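A quick write-up on the structure given underneath.
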Amino acid sequence: MEIDLSPQLAKKVYESNGGSYHAWSPSELPMLPEGNIGAAKLALQKNGFALPCYSDSSKVAYVLQGSGVAGIVLPESEEKVVAIKKGDALALPFGVITWWYNKEDTELVVLFLGDTSKAHKTGEFTDFYLTGSNGIFTGFSTEFVGRAWDLEEKDVKTLVGKQSGKIIVKLEGNINLPEPKEEHRKGMALNCEEAPLDVDIKNGGRVVVLNTKNLPLVGEVGLGADLVRLDGNAMCSPGFSCDSAFQVTYIVRGSGRAQVVGADGCRVLETTVKAGNLFIVPRFFVVSKIADSDGLEWFSIITTPNPVFTHLAGSIGAWKALSPTVLQASFNVDAGLEQLFRSKRNADAIFFPPPN
């Protein structure tokens, strides 16, 4: 049975005066459960506070817009309070507790992409809130809460009764959350827009790869990631993941065209992609993209912490490694056409600038 690879937008799951939570549905994007992948977005308005929770999935968080603060508690560790801004990526392993806060006028938007292979429901995240009207305190009896935290019954009732918000609240009054500490960023966050470039091709594009070298926690998450920025009308070389990984792509900015080719040389996707789209490329399928005139930027996770890709064109393309006579025999062409084919794209590695 063919699987629909069409890009999809997230749907709003929850909204309050503090912000909103959006997620991609497995029923609308079948590649989510197929690849054991979850995807969601958190949007916080000014003074919006996402209540502390943990998830049944390991994730990579990427800040799409704005700036704010993230509180992170790794198992058996002290809380780290991290300043976050557009371009920041954070690896969130199993068992981590997080909270998020925006004190600025600009909306804070955070993308979450993660592995749901051990989740309650494949293809989606289930979050467990410590507080709020759907938090764990509301599920335990007053007796259990009282004994666990050594509280009197009247204090337990007050504690539980005060929790009227759900998922996201807007902080009012004189509540001062912890200030972020610069030393807490080390090993917790990497800004993909400021990090050294792994690929930089004039008039073509740029890549920053997130892996165990620059953010060791991705090893615990089991996911790699990259931020790719393609210049106007430039092309990303056709390529595939050669270590059986799925590639999950969120379009951050701009628009363009994408094609995916699968088994038996069948084109399984030809589409226009635009900001806000999410689409998933199956294992070993070949994908290529061409940016529109305004350029194209995307953030991807790959379902392995240190992904390996094979590109089919360009100076590092697999075709360059094959012997001329092998290509001549394979394409069933004469030596002249094979030489013309081989001579092209000698200078470019992964991104092709627009034609002159």
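Side chains are part of it too, since the values below use all heavy atoms of this structure and drop only hydrogens, waters and symmetry mates. A quick note: this is a predicted structure, and the numbers were derived from the prediction, not measured.
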Checklist outcome for this item: Residues Gly114 and Ile301: closest non-hydrogen pair is N-CD1, 4.0 Å
Next on the checklist: Taking Val96 as the starting point, is it possible to reach Tyr21 by hopping between hydrophobic residues whose side chains are less than 4.5 Å apart?
Outcome noted: yes
Item to check | Check: Asp264 side chain, Cys266 main-chain N or O, donor-acceptor pair, under 3.5 Å | outcome: no
Checklist entry - Going through the distances and angles, do Gln45 and Glu107 end up as a side-chain contact (heavy atoms from CB on, under 4.5 Å)? => result CA-CA 5 Å; Gln45 304 297 326; Glu107 186 179 48; 2.8 Å; yes
Next on the checklist: Strictly distance-based, threshold 3.5 Å: is any side-chain N or O of His22 a donor or acceptor partner for the main-chain N or O of Lys41?
Outcome noted: no
Checklist entry - Run the side-chain contact (heavy atoms from CB on, under 4.5 Å) check on Thr158 and Lys154 step by step: do they pass? => result CA-CA 6 Å; Thr158 300; Lys154 63 179 180 62; 5.5 Å; no
Item to check | hydrophobic_cluster_shared for Ile136 and Ile168, side chain cutoff 4.5 Å | outcome: no
Checklist entry - Does the side chain of Pro180 come within less than 4.5 Å of Val82's, by heavy atoms? => result no
Item to check | Validation row: Gln8, Phe279 side chains within 4.5 angstrom (heavy atoms) | outcome: no
Checklist entry - Ignoring hydrogens and geometry, is there a side-chain-to-backbone donor-acceptor pair from Asn214 to Val209 under 3.5 Å? => result yes
Next on the checklist: Please report the interatomic distance OG1(Thr122) to CD1(Ile37), rounded to the nearest 0.5 Å.
Outcome noted: 11.0 Å
Checklist outcome for this item: Here the gap from Lys186 atom NZ to Met188 atom CE, rounded to the nearest 0.5 Å, amounts to 13.5 Å
Checklist entry - Around Phe128, counting heavy atoms of other residues, nucleotides and ligands shown, do more than 12 lie under 6.0 Å from its CZ? => result yes
Next on the checklist: So does Val221 get a backbone contact from the side chain of Ser58, meaning a donor-acceptor N/O pair under 3.5 Å?
Outcome noted: yes
Checklist outcome for this item: Contacts of Lys157 meeting salt bridge (charged side-chain N to carboxylate O under 4.0 Å, His left out) (sequence neighbours excluded), chain-then-number -> Glu153
Next on the checklist: Could you measure the distance from the NZ atom of Lys85 to the OG1 atom of Thr106? Nearest 0.5 Å is fine.
Outcome noted: 14.0 Å
Checklist entry - With the 4.5 Å side-chain cut-off for hydrophobic clustering, are Leu64 and Val13 part of the same group? => result no
Checklist entry - Is Arg257 salt-bridged to Asp292, going by a charged N under 4.0 Å from an acidic O? => result no
Checklist entry - Under the side-chain contact (heavy atoms from CB on, under 4.5 Å) criterion, do Val81 and Trp99 qualify, and how do the steps go? => result CA-CA 9 Å; Val81 183; Trp99 54 261; 4.2 Å; yes
Next on the checklist: Nearest 0.5 angstrom please: Leu9 CG to Ile251 CD1, how far?
Outcome noted: 11.0 Å
Next on the checklist: Using modelled atom types and a 3.5 Å cut-off, is there a donor and acceptor pairing between side-chain atoms of Asn134 and backbone atoms of Lys166?
Outcome noted: no
Checklist entry - Can you name the nearest heavy-atom pair linking Gln163 to Thr131, along with the distance? => result OE1-CA, 3.1 Å
Item to check | Beyond-backbone contact of Ile72 with Leu90, side-chain heavy atoms, under 4.5 angstrom | outcome: yes
Item to check | Under the side chain to side chain contact (heavy atoms under 4.5 Å, CB included) test, residues paired with Glu193 that sit two or more places apart | outcome: Tyr62, Lys86, Asn191, Leu227, Arg229, Glu297
Checklist entry - Among Leu210, Val208, Ile302, which one satisfies side chain to side chain contact (heavy atoms under 4.5 Å, CB included) with Asp226? => result Ile302
Checklist entry - So, do Leu32 and Ile280 sit near enough that their side-chain heavy atoms are less than 4.5 Å apart? => result yes
Next on the checklist: Do Leu296 and Val199 sit in one hydrophobic cluster, given that two such residues count as connected whenever their side-chain heavy atoms are within less than 4.5 Å of each other, even indirectly?
Outcome noted: yes
Item to check | Side-chain touch Trp149/Asp155, heavy atoms, less than 4.5 angstrom | outcome: no
Checklist entry - Charged N to carboxylate O under 4.0 angstrom, Asp127 versus Lys59? => result yes
Checklist entry - Any donor and acceptor pair, going by atom type alone, linking the side chain of Thr303 with main-chain N or O of Phe246 inside 3.5 Å? => result yes
Item to check | Gln247 (side chain) donor-acceptor with Ser300 (main chain) under 3.5 angstrom | outcome: no
Checklist entry - Is there a side-chain contact between Gln259 and Ser288 (heavy atoms, below 4.5 Å)? => result no
Checklist entry - Just by distance, do the side chain of Asn102 and the backbone of Leu44 share a donor-acceptor pair under 3.5 Å? => result yes
Checklist entry - Taking the side chain from Ser77 and the backbone from Pro75, do they hold a donor-acceptor pair closer than 3.5 Å? => result yes
Checklist entry - Thr98 versus Tyr54: any side-chain heavy-atom pair under 4.5 Å? => result no
Next on the checklist: Just verifying a value: how many Å separate Trp24 CH2 and Leu29 CG, rounded to the nearest 0.5 Å?
Outcome noted: 9.0 Å
Next on the checklist: Would a single hydrophobic cluster contain both Val110 and Leu171, if residues Ile, Leu, Val, Met, Phe, Trp and Tyr are joined by side-chain heavy-atom contacts under 4.5 Å?
Outcome noted: yes
Item to check | Side chains of Leu51 and Leu130 in contact at under 4.5 Å (non-hydrogen atoms) | outcome: no
Item to check | CD/Glu183: more than 12 non-hydrogen atoms of other groups inside 6.0 Å | outcome: yes
Item to check | Heavy atoms from other residues, nucleotides or ligands near CZ of Phe140 exceed 12 (cutoff 6.0 Å) | outcome: no
Checklist entry - How close do Asp88 and Arg185 get, heavy atom to heavy atom, and via which atoms? => result OD2-NH1, 2.8 Å
Checklist entry - When the ring centroid of Tyr250 is compared with that of Phe299, is the distance short of 6.0 Å? => result no
Checklist entry - So, Thr116 side chain and Gly123 main chain: donor-acceptor pair closer than 3.5 Å or not? => result yes
Checklist outcome for this item: When rounded to the nearest 0.5 Å, the distance separating SG of Cys192 from CG of Leu190 is 5.0 Å
Item to check | Qualifying residue for side chain to side chain contact (heavy atoms under 4.5 Å, CB included) with Val260, from Val287, Thr271, Val286 | outcome: Val287
Item to check | Closest approach of Leu92 to Ala61 (non-hydrogen atoms, all atoms of both residues) | outcome: CD1-CB, 4.1 Å
Item to check | For the student: nearest non-hydrogen atoms of Ile97 and Pro52, plus distance | outcome: CG2-CB, 4.2 Å
Checklist entry - Which pair of heavy atoms, one from Pro30 and one from Pro33, lies closest together, and at what distance? => result O-CD, 3.1 Å
Next on the checklist: Walk me through whether Asn36 and Asp115 qualify under side-chain contact (heavy atoms from CB on, under 4.5 Å).
Outcome noted: CA-CA 6 Å; Asn36 285 317; Asp115 174 18; 4.2 Å; yes
